[in-house]
Amino acid sequence: MTHTELLKKYAEFAVEIGVNPQKNQTLIINCDVMNADFARACAEVAYAKGAREVVVHYGDENLSRIKMDRTALDVLTDVKPYIERSYLDYAESEGGACVLHIISPNPEIYKGLDGTKVDKAGIARRSALKNWRSYTMNDRVQWCIVAVPSAPWASKIFPGFTEQEAVEKLWKTIFDVCRVTNGDPVGEWKEHIAKMCKWRDHLNSLHLDRIHMQSGNGTDLVIGLADDHVWEGAQSHTPEGYRFIANIPTEEVFTAPHKDRVNGVVKGTKPYVYNGSLIENFSVTFKDGKVTEYSATSGQELLGMLLDTDEGARHIGEIALVPVSSPINKANVLFYNTLFDENAACHIAFGAGYPGTVKGGTSMSKEQLLEKGVNDSVVHEDVMVGAADTQITGYTKDGQAVEIFKNGQWAF
Ligand code: ZN
Ligand code: ZN
């Protein structure tokens, strides 16, 4: 297939399986101006599916850098209400809305700028969009994140190639790991989703109390699970029953740890990018759910900054299981982006948990969720901790041990 044909297939997959706009629904697309061609391809598919309107919010990464550098912090943190209204006005109106984020992350966009400023601006923006974020965090609307290459991103991943070669290599890698290369991503994803649902449903049938994760690198972590936790994965559903995939690609089955019942040591197995900089070879110790010690061979200060964001940042809100056979792991490429990298290995997330990972959680208050053990924070940062020899044993409430992962793979 030609590149143009594959691109069209990728757009079909992102819209049909990813965000799945319904007849009469508004599709909001967030996209950088440099990816306008992909936004247009997605809009075509959405209208063909009966979308009421496609509204595109164009951003400009290079302008974002200029703005971050040249704007005063108090101006950056004064996020105007119209930005949140640009989502809520559609979500609250007839037919409702869904949102597709087309990203082409440049991991070094803010390199050399004041890290604290970048951090504070990001937190202010997230806080100002809190009401809208509660729509996506609670799966009240379909939402999906899909990535397309950019020259700076591709060059970061494939140094030593020309910009054009790097972009071509990244397109090929994305098409491979997103199951687009063979020309039938919609079909291949239906099959993949069915398999993930089987693993997820089996975990839910076990009613586990905790899991124990061990690897030869020194990871030895007992993760108590939140009360009434639910394993999620593959697909999500809105209250109306509209299915969607929040992250493309996805290989994870995940749930909510109990924020106060995590104990032991966990080692990072892949570099992790936070605010554009790398944190490598970290080691984190938990006591009663809280990080008590941490270190990293690089980015240790940055890791400290992340953990000190707020009280919840020192606890975890997600545990996700990903087999080493994942196409992202097999591609053996560091994408410098969580969307892909988190799907290469088992991971935990510092910060907020997803309400949908406990029974009835999406209609619970923050206090009710905390009572179940679901963590709260303004951050949610996934860090990779799975290794090729990872063993995971689950313990049921009546004390039975069940093998879940053997040598980095699903044991059932
Ligand atoms: Zn995850
Ligand atoms: Zn996560």
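Read the numbers this way: they start at 1 and go in the same order the structure lists the ligands and their atoms. When a residue number appears, it is its place in the shown sequence, counting from 1.
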Problem - the Zn ion (ligand 1) to Glu252: nearest N/O/S atom name - result: OE1
Problem - Salt-bridge present (Lys67, Asp69; N to O < 4.0 Å) - result: no
Handout entry: Short N-O contact, Arg85 and Glu92, less than 4.0 angstrom
Key = yes
Fill in the blank from the handout: Sorted by chain and residue number, the side chain to side chain contact (heavy atoms under 4.5 Å, CB included) partners of Glu403 (sequence neighbours excluded) come out as Gln391, Lys406, Ala411
Practice task
Just jot down the side chain to side chain contact (heavy atoms under 4.5 Å, CB included) partners of His212, sequence neighbours excluded, or say none.
Solution key: Gln214, Asp220, Val222, Tyr395
Fill in the blank from the handout: At a cut-off of 2.8 Å, protein N/O/S around the Zn ion (ligand 2) gives Glu318 OE1, His380 NE2, Asp382 OD1, Asp382 OD2
Problem - Pi-cation contact, Phe161 with Lys169 (under 6.0 Å, within 45°) - result: yes
Practice task
With sequence neighbours excluded, tell me which residues meet side chain to side chain contact (heavy atoms under 4.5 Å, CB included) with Glu188.
Solution key: Arg179, Asn182
